[in-house]
Participant: 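One structure coming up, written as structure tokens, with questions to follow.
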Amino acid sequence: MSQTTASFMVEGMTCDGCVSSVKRALAAIDGVEGTDVNLANGEVKVLYDPARVGVSSLRDAIRGAGYEVS
């Protein structure tokens, strides 16, 4: 299993609840191994297996949680 990291700038996160929502949305995806969400600068880093999930699915999960990915 190979792992890679994708980074996204996410708009609309304003509190720890937002961070939790993004982490939950990403953790629900098969192939996501870990997340690091920085509320201060709006950056989300996702460790994932590219053989099991694509970057577009990661973006869609963040958008589905109610946030914009720039």
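In what follows, every heavy atom counts, from backbone to side chain, and hydrogens, waters and symmetry copies are set aside. Because the structure is a prediction, the values reported are computed rather than measured.
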Participant: What is the distance from atom CG of D49 to atom CD of Q3, rounded to the nearest 0.5 Å?
Facilitator: 7.0 Å
Participant: Could you name each residue pair satisfying salt bridge (charged side-chain N to carboxylate O under 4.0 Å, His left out) that touches residues 10-26, not counting sequence neighbours?
Facilitator: none
Participant: If I compare all heavy atoms of A61 with all of A25, which pair ends up nearest, and what's the gap?
Facilitator: O-CB, 3.7 Å
Participant: I'd like to check the side chain to side chain contact (heavy atoms under 4.5 Å, CB included) partners of T14; sequence neighbours left out, ordered by chain and number.
Facilitator: C18
Participant: What pairs with S56 under side chain to side chain contact (heavy atoms under 4.5 Å, CB included), at least two apart in sequence or on another chain?
Facilitator: none
Participant: Please check if the side chain of T5 supplies one atom and the backbone of L47 the other of a donor-acceptor pair under 3.5 Å.
Facilitator: no
Participant: Does F8 sit in a hydrophobic cluster with other residues, and if so which ones, taking ILVMFWY side chains as linked at heavy-atom separations under 4.5 Å, directly or through other members?
Facilitator: V10, M13, V19, V22, L26, I29, V32, V37, L39, V44, V46, Y48, V53, V55, L58, I62, Y67, V69
Participant: Of all residues at least two apart in sequence or in a different chain, which pass the side-chain hydrogen bond (donor to acceptor under 3.5 Å, both in side chains) check with D30?
Facilitator: R52
